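The structure presented is a predicted model; accordingly, all values stated were derived computationally and were not measured. Hydrogens, waters and symmetry mates play no part in the numbers below; they use all other heavy atoms, side chains included.
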Amino acid sequence: QVQLVESGGGLVQAGGSLRLSCAASGRTFSSYAMGWFRQAPGKEREFVAAINWSGDSTSYADSVKGRFTISRDNAKSTMYLQMNSLEPEDTAVYYCAAVYRRYSGTYSSKFQYGYWGQGTQVTVSS
C-alpha cells in the first residue's frame, strides 16, 4: 500500500501561482502512476493531470493545459503540480491519487485509482 499527503494549497489572487506537493510513503513510489484530481462544492471529482511511473509521459485536462505542469521526483517519493495563471474556476479541493502501474502510460479516470490523499484546498479570488 501507499499513503499520500498533499500540501501547498492556499488562497491566491487570480493570475497567481501555487505549487502543490504530494508526498508518498509505503511501497516503492516508482511502482505507481500518479494523478491530480479536484472537486469543487456541489460538483463531481474531476481529472486534472496524470503522470506515468517514470515521469516521461503526462496528460492534462483541457481546462488546465498550458497553465498547469505535473512532475514527480521518484528519489524523493513526491509528486508536484505547478499551477500558473490561476482562475477563480480553479477553486476546489485538490487530491493526489496513485494506481499500481500495469502499463507505462497515464491514467485519467478516477475509477482507476486505488489510493487517495486527504486533499488540500485551493482558493482563487477574483
**Study point:** V5 vs Q3 side-chain heavy atoms within contact, under 4.5 Å
**Key:** no
Review point. Between atom CD of E46 and atom CD of Q39, what is the distance when rounded to the nearest 0.5 Å?
Key: 9.5 Å
Practice item. Please round to the nearest 0.5 Å and tell me the distance separating atom CG of D90 and atom CG of L18. Key: 10.0 Å
**Study point:** Separation between CD of Q121 and CG of L11, rounded to the nearest 0.5 Å
**Key:** 9.5 Å
**Study point:** Steps toward side chain to side chain contact (heavy atoms under 4.5 Å, CB included) verdict (Y115, Q1)
**Key:** CA-CA 8 Å; Y115 304 96; Q1 288 193 348; 4.0 Å; yes
Exercise for review: Verify the cluster assignment for Y100 and V2: are they in a single hydrophobic cluster under the rule of side-chain heavy atoms below 4.5 Å apart?
Suggested key: yes
Review point. Cut-off 3.5 Å, side chains only: do T106 and S59 have a donor facing an acceptor?
Key: yes
Point to revise | Pairwise side-chain contact, L20 with M79, heavy-atom cut-off 4.5 Å (strictly under) | key: no
Exercise for review: Measure across V12 and L86 and return the closest heavy-atom pair with its distance rounded to 0.1 Å.
Suggested key: CG1-CD1, 3.6 Å
Exercise for review: Determine the minimum heavy-atom distance between M34 and L4, stating which atoms define it.
Suggested key: CE-CD2, 3.9 Å
Check your understanding: Out of curiosity, T28 OG1 to N74 CG, how far, rounded to the nearest 0.5 Å?
Key -> 10.0 Å
Point to revise | Minimum heavy-atom distance T78-K76, with the two atoms named | key: OG1-O, 2.8 Å
Check your understanding: Around Q13, counting heavy atoms of other residues, nucleotides and ligands shown, do more than 12 lie under 6.0 Å from its CD?
Key -> no
Practice item. Applying ring pair (Phe, Tyr, Trp, His ring centres under 6.0 Å) between F47 and each of Y95, F37, Y60, report the one that passes. Key: F37
**Study point:** Value rounded to 0.5 Å, distance of SG in C96 from CZ in R38
**Key:** 15.5 Å
Exercise for review: Report, as yes or no, whether the 6.0 Å neighbourhood of atom NZ on K43 holds more than 12 heavy atoms from other residues, nucleotides or ligands.
Suggested key: no
Check your understanding: Same cluster for Y94 and Y80 if Ile/Leu/Val/Met/Phe/Trp/Tyr side chains link at under 4.5 Å?
Key -> no
Exercise for review: Under the side chain to side chain contact (heavy atoms under 4.5 Å, CB included) rule, what do V124 and E89 come out as? Steps first, then yes or no, please.
Suggested key: CA-CA 8 Å; V124 184; E89 294 73 23; over 6 Å; no
Revision key, fill the gap. Tightest non-hydrogen contact, residues A14 and P88, listed as CB-CD, 4.1 Å
Check your understanding: Considering all heavy atoms of both residues, which atom of Q112 and which atom of V99 are nearest to each other, and what is their separation?
Key -> O-CG2, 3.2 Å
Review point. At what distance, to the nearest 0.5 angstrom, does CD1 of I70 lie from CD of Q82?
Key: 12.5 Å
Review point. Can you hop from I51 to W53 via hydrophobic side chains spaced under 4.5 Å?
Key: no
Check your understanding: Between N52 and G55, is there a donor-acceptor pair closer than 3.5 Å when you use the side chain of the first and the backbone of the second?
Key -> yes
Exercise for review: Considering non-hydrogen atoms only, spot the tightest contact between V122 and G9 and give its length.
Suggested key: CG2-CA, 4.2 Å
**Study point:** Whether Y113 and Y107 hold their rings parallel, tilted or perpendicular, with breakpoints at 30° and 60°
**Key:** perpendicular
